[in-house]
Amino acid sequence: MSEKLKFSLLICFFFLLMIISICLIIKRWNRYSTFSNGTYKNAGQKLIFEIFFSKEEAIQSLYSPAESDTLDYEFWNDNGEYYIKVKGIKRFQQMNGVLTAAFKVDFIQQNGKNYMVVDHINNMQLLYSAGYEAELFEFMTKKLNCVPVSEEIIKVDCYN
């Protein structure tokens, strides 16, 4: 093979990778847009959901995984604080358990409404756990039939 042909194939390969990457980014962004109700701004933000039933019902629902859940997860209570550990996405079974991410789950009642706030536990996992944010939006809206809301609607610092 000539050097020109090798160089052309290399350029085509990287161009193809770029197109695939752009398609994946657009697909991921569409998931954020679809399930976040327009509240998603950036990676690492608190995910806030208005829930239409009691805290106890939400907790009970999260404790009992269903076959229809989109995430492979664990939900637990540690001294009155709730956590959800995402082990993977069910539609990518072969990758489950490779990268896990834990999130703190807080329940807030304000102005007669119930809210659930999902936040990263530490910034070290932010790089890969941000990829689970779109999945958490989808999971929470499907499992708990809740509505994502923006931070401006509630005072998020009231639980810190």
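Owing to the predicted nature of the structure, the values given are computational and were not obtained by experimental measurement.
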Apply side chain to side chain contact (heavy atoms under 4.5 Å, CB included) to Val86 and Asp72, showing your working.
CA-CA 6 Å; Val86 179; Asp72 183 14; over 6 Å; no
Residues Tyr82, Ile59; criterion side chain to side chain contact (heavy atoms under 4.5 Å, CB included); working and verdict:
CA-CA 9 Å; Tyr82 295 95; Ile59 290 169; 3.3 Å; yes
Give a yes or no on whether a salt bridge exists between Lys46 and Asp119, defined as a side-chain N under 4.0 angstrom from a carboxylate O.
yes
Run Glu74 and Leu62 through side chain to side chain contact (heavy atoms under 4.5 Å, CB included) and show every step you take.
CA-CA 9 Å; Glu74 244 178 78; Leu62 288 169; over 6 Å; no
For [X] and [Y], work out which heavy atoms get closest and say how close.
X      : Y      : value
Asn145 : Phe52  : O-CD1, 3.6 Å
Leu144 : Ser61  : CD2-OG, 3.4 Å
Ala58  : Ile51  : CB-CD1, 4.0 Å
Ala102 : Ile121 : CB-CD1, 3.4 Å
Val105 : Met116 : CG1-CG, 3.6 Å

Approximate separation, where rounding is to 0.5 Å, of [X] [atom1] and [Y] [atom2]:
X      : Y      : atom1 : atom2 : result
Asp78  : Lys104 : CG    : NZ    : 10.5 Å
Thr141 : Phe137 : OG1   : CZ    : 9.0 Å
Lys142 : Asp69  : NZ    : CG    : 10.5 Å
Lys143 : Glu138 : NZ    : CD    : 13.0 Å
Thr100 : Lys85  : OG1   : NZ    : 4.5 Å
Asn114 : Glu56  : CG    : CD    : 9.0 Å

Same cluster (ILVMFWY, side-chain, under 4.5 Å), Ile22 and Phe15
yes
Could you check whether the rings of His120 and Phe103 sit parallel, tilted or perpendicular, using 30° and 60° as the cut-offs?
tilted
Which of parallel (below 30°), tilted (30 to 60°) and perpendicular (above 60°) describes Trp76 and Tyr83?
parallel
Is there a ring pair (Phe, Tyr, Trp, His ring centres under 6.0 Å) between Phe49 and Tyr115 once you walk through the steps?
CA-CA 5 Å; Phe49 304 91; Tyr115 298 97; over 10 Å; no
What's the verdict on side chain to side chain contact (heavy atoms under 4.5 Å, CB included) for Cys146 and Met140, showing C-alpha distance, side-chain angles and the deciding distance?
CA-CA 7 Å; Cys146 54; Met140 294 298 184; 3.8 Å; yes
